[in-house]
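Below: the structure, in structure tokens.
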Amino acid sequence: MLRKERQSKILQILEKQGKVVAKELSMKWDVSEDTIRRDLREMDSLGLLQRVHGGAFPASASALTFSERTEENIDAKKELALKAVKIIKDGQVLLIDGSTTNLILAQAIPLEFKGTIITNSPSISLALSKHPNTDIILLGGTFFKESFVTVGLDVIEVLKNIRADLCFLGVYSLHPDFGISIPHIEESHVKRQMIKSSNKIATLVTRSKLNTISNYLVGPVSELDYLITEDGPLSHNLNKYMEFDIEII
């Protein structure tokens, strides 16, 4: 089998199964594991997959700037936001992590919502500024320009003294085997503390983020209580998530 043919088949397996194991491919195609590892290294360098020890996972989409992400998948994000507001109840303390999808969620929260919203996103706090019955707490820290959020020890220390009823966690990549991951280590520390500081965790995920991995692990998929995703033919992508007792909306 020629190199290009092997690599094409690797991408097909990744799409169907969500991962490849070098040893299994070596046996299946009767080639050395070194040959498979070279294929995976080359494909990783081209951004076609994310290589890990012993195999590979699908790569997440290339990181865009915050401004670019606000123009991406707008209709899908609005669909997710309308689903997400249905699990919000008056009187709750909500922790809303900064993300472009969560910004649309904030814009969809009814003006009459009575409760407290804590966020590390200046954009989200501004979107909620006209909600007369909502107390807004903006977490202060180092402003991370790539994602328009605050990060750092100051944010984490305040979060340690908070117990939110529900956290909407911003997620860049989600994979049932690898877990929740993002491209920036600074944000990963804050997100881990958000999980620890919340009774329930929800995430809004477009289909392009499902079954992909990024550079820095936040935590296992089992940390999630709600997975809110798009309508459509996604059942083959969601079967493994159902094993973690996650409510899929």
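Note that this is a predicted model, so its numbers are computed, not measured.
The shortest heavy-atom contact between Leu138 and Pro122 is CD1-N, 3.8 Å. The nearest pair of heavy atoms linking Leu204 to Asn102 is CD1-OD1, 4.1 Å. Residues Phe113 and Thr134 share a closest heavy-atom pair of O-OG1, 2.9 Å. Here the shortest heavy-atom pairing between Glu33 and Ala22 reads CG-O, 4.4 Å.
In this structure, Asp44 and Leu40 have side chains that are not in contact, with every pair of non-hydrogen atoms separated by 4.5 Å or more. Looking at Val149 and Val190, their side chains never come closer than 4.5 Å, going by heavy atoms from C-beta outward. Two residues are said to be in side-chain contact when any heavy atoms from C-beta on lie closer than 4.5 Å; Pro176 and Asn211 meet this criterion. Inter-residue side-chain proximity for Gln50 and Phe178 is flagged as unmet; no heavy-atom pair is nearer than 4.5 Å. Using a 4.5 Å heavy-atom cutoff, the side chains of Thr116 and Leu94 are not in contact. In this structure, the side chains of Ile36 and Trp29 come closer than 4.5 Å at one or more pairs of heavy atoms. Glu186 places none of its side-chain heavy atoms less than 4.5 Å from the side chain of Glu146. Proximity of Leu210 to Tyr241: side-chain heavy atoms (C-beta onward) are separated by under 4.5 Å at one or more points.
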Using the side chain to side chain contact (heavy atoms under 4.5 Å, CB included) rule, take Val151 and His189 through it: C-alpha gap first, then chi angles, then the decisive distance, then the call.
-> CA-CA 8 Å; Val151 296; His189 300 313; over 6 Å; no
Please report the C-alpha distance between Lys209 and Thr229 in whole Å, then the side-chain angles of each, then the deciding distance to 0.1 Å, and finally whether the side chain to side chain contact (heavy atoms under 4.5 Å, CB included) criterion is met.
-> CA-CA 10 Å; Lys209 295 180 179 180; Thr229 191; over 6 Å; no
When you look at Ser188 and Ile185, which way does the side chain to side chain contact (heavy atoms under 4.5 Å, CB included) test go after all the steps?
-> CA-CA 5 Å; Ser188 69; Ile185 192 169; 3.9 Å; yes
Quick one: do Lys160 and Glu157 satisfy salt bridge (Lys or Arg N to Asp or Glu O under 4.0 Å)? Show the steps, please.
-> CA-CA 5 Å; Lys160 286 180 179 179; Glu157 287 302 314; 3.2 Å; yes
Test side chain to side chain contact (heavy atoms under 4.5 Å, CB included) on Leu80 and Glu230 and set out the steps.
-> CA-CA 7 Å; Leu80 301 186; Glu230 298 176 68; 4.2 Å; yes
Under the salt bridge (Lys or Arg N to Asp or Glu O under 4.0 Å) criterion, do Glu42 and Arg38 qualify, and how do the steps go?
-> CA-CA 6 Å; Glu42 180 179 340; Arg38 281 196 297 270; over 6 Å; no
Report the C-alpha separation of Ser214 and Ser181 in whole Å, then their side-chain angles, then the decisive distance to 0.1 Å, and conclude whether the side chain to side chain donor-acceptor pair (under 3.5 Å) test is met.
-> CA-CA 5 Å; Ser214 191; Ser181 57; 5.0 Å; no
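Thr203 places a side-chain N or O within donor-acceptor distance of the main-chain N or O of Leu169, the cut-off being under 3.5 Å.
Going from atom CD of Glu79 over to atom CD1 of Ile74 covers 14.0 Å, rounded to the nearest 0.5 Å. Note that CD1 of Ile104 is 12.5 Å distant from CD1 of Ile109, once rounded to the nearest 0.5 Å. Between the NZ atom of Lys19 and the CD atom of Glu24 there is a distance of 7.5 Å, given to the nearest 0.5 Å.
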Mind listing the side-chain donor-acceptor pairs of residues 86-93 below 3.5 Å, one per line with the distance, residues two or more places apart or on another chain?
unit_1 : atom_1 : unit_2 : atom_2 : d
Asp90  : OD1    : Lys114 : N      : 3.0
Gln92  : OE1    : Lys89  : N      : 2.8

Show the atom names and distances, to 0.1 Å, of all donor-acceptor pairs under 3.5 Å that link a side chain in residues 195-202 to residues at least two apart or in another chain.
unit_1 : atom_1 : unit_2 : atom_2 : d
Ser197 : OG     : Leu159 : O      : 2.6
Ser197 : OG     : Gln193 : O      : 3.0
Ser197 : OG     : Gln193 : NE2    : 3.0
Ser198 : OG     : Met194 : O      : 2.8
Asn199 : OD1    : Arg163 : NE     : 2.9
Asn199 : OD1    : Arg163 : NH2    : 3.4

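The neighbour count for Asp34 CG, taken as heavy atoms of other residues, nucleotides or ligands under 6.0 Å away, is above 12. Within a 6.0 Å sphere centred on CG of Leu153, heavy atoms belonging to other residues, nucleotides or ligands number 12 at most.
When the side chains of ILVMFWY residues are joined at heavy-atom separations under 4.5 Å, either directly or via intervening members, Val205 and Ile248 end up in a single hydrophobic cluster.
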